[in-house]
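Down below is the structure, laid out as structure tokens.
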Amino acid sequence: AISSIWCMTGGGKPLPSAPDQLNFTAIRYHLSFVAYATAAICMRTPLLKAQGGAVLGWVMRQLLSPRVFRYCDFYWPADGSPFACRENVMWTGHLLHVATLY
């Protein structure tokens, strides 16, 4: 079931040569909002701390996978790294928010 998460490719491509994950349906958004909902549930249900931590850890690993941030090379090819790009606020913002919740 976890491997089927990658069937969401981002709602199409703006250019035929573009990578997946460029549109508003990109997996980084789905992963981030799973993390936000998990953290909200765990804040109200402390008994789920271990399970919530496992979910948040999994989301962090997925957000850090090249499949999720590979789109950066399309928009900012000169930067070479999503961490070096100052304009990539959506991915880094979600990543930092999830890391804080974790």
Side-chain angles (χ1 to χ4, degrees):
I2 290 176
S3 63
S4 67
I5 193 169
W6 298 118
C7 68
M8 295 183 284
T9 59
K13 298 180 178 187
L15 299 170
S17 62
D20 292 339
Q21 309 301 323
L22 290 181
N23 290 330
F24 67 92
T25 58
I27 194 69
R28 63 186 172 276
Y29 302 122
H30 297 282
L31 289 168
S32 298
F33 285 97
V34 164
Y36 304 151
T38 300
I41 290 168
C42 291
M43 284 177 18
R44 300 284 184 191
T45 314
L47 188 62
L48 298 175
K49 182 179 177 183
Q51 293 89 342
V55 171
L56 291 175
W58 180 82
V59 169
M60 283 293 298
R61 287 188 298 279
Q62 298 304 310
L63 283 172
L64 290 169
S65 71
R67 178 76 190 258
V68 172
F69 65 76
R70 184 176 56 199
Y71 74 96
C72 297
D73 294 337
F74 180 77
Y75 286 126
W76 306 286
D79 289 327
S81 167
F83 296 102
C85 180
R86 293 179 181 224
E87 295 180 25
N88 189 14
V89 296
M90 292 303 289
W91 179 75
T92 54
H94 286 298
L95 182 66
L96 291 173
H97 195 174
V98 172
T100 302
L101 293 171
Y102 183 65

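Just so we're clear, the structure is a prediction, and the values are computed from it rather than from any experiment.
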Using atom types as modelled, flag every donor-acceptor pair under 3.5 Å from a side chain in residues 35-51 to any protein atom, sequence neighbours excluded.
from	atom 1	to	atom 2	distance (Å)
Tyr36	OH	His94	ND1	2.6
Thr38	OG1	Val34	O	2.8
Thr45	OG1	Ile41	O	3.3

Shortest non-hydrogen pair, Trp91 vs Leu63, comes out as NE1-O, 3.0 Å
Is a side-chain N or O of Trp76 found less than 3.5 angstrom from the main chain of Pro82, in a donor-acceptor match? no
*Shared ILVMFWY cluster between Val59 and Leu64, side chains joined below 4.5 angstrom?*
yes
Rounding to 0.5 Å, atoms SG (Cys72) and CD (Glu87) come to a distance of 11.0 Å
- Query: Does Trp58 have its ring centroid less than 6.0 Å away from the ring centroid of Tyr102?
  - Reply: no
On a heavy-atom basis, the closest approach of Val68 and Gln62 is CG2-O, 3.1 Å
Is there side-chain contact between Met60 and Leu31, with at least one heavy-atom pair below 4.5 Å? no
Q) Quick one: do Tyr71 and Phe83 end up in the same hydrophobic cluster if we chain Ile, Leu, Val, Met, Phe, Trp and Tyr together by side-chain heavy atoms under 4.5 Å apart? A) yes
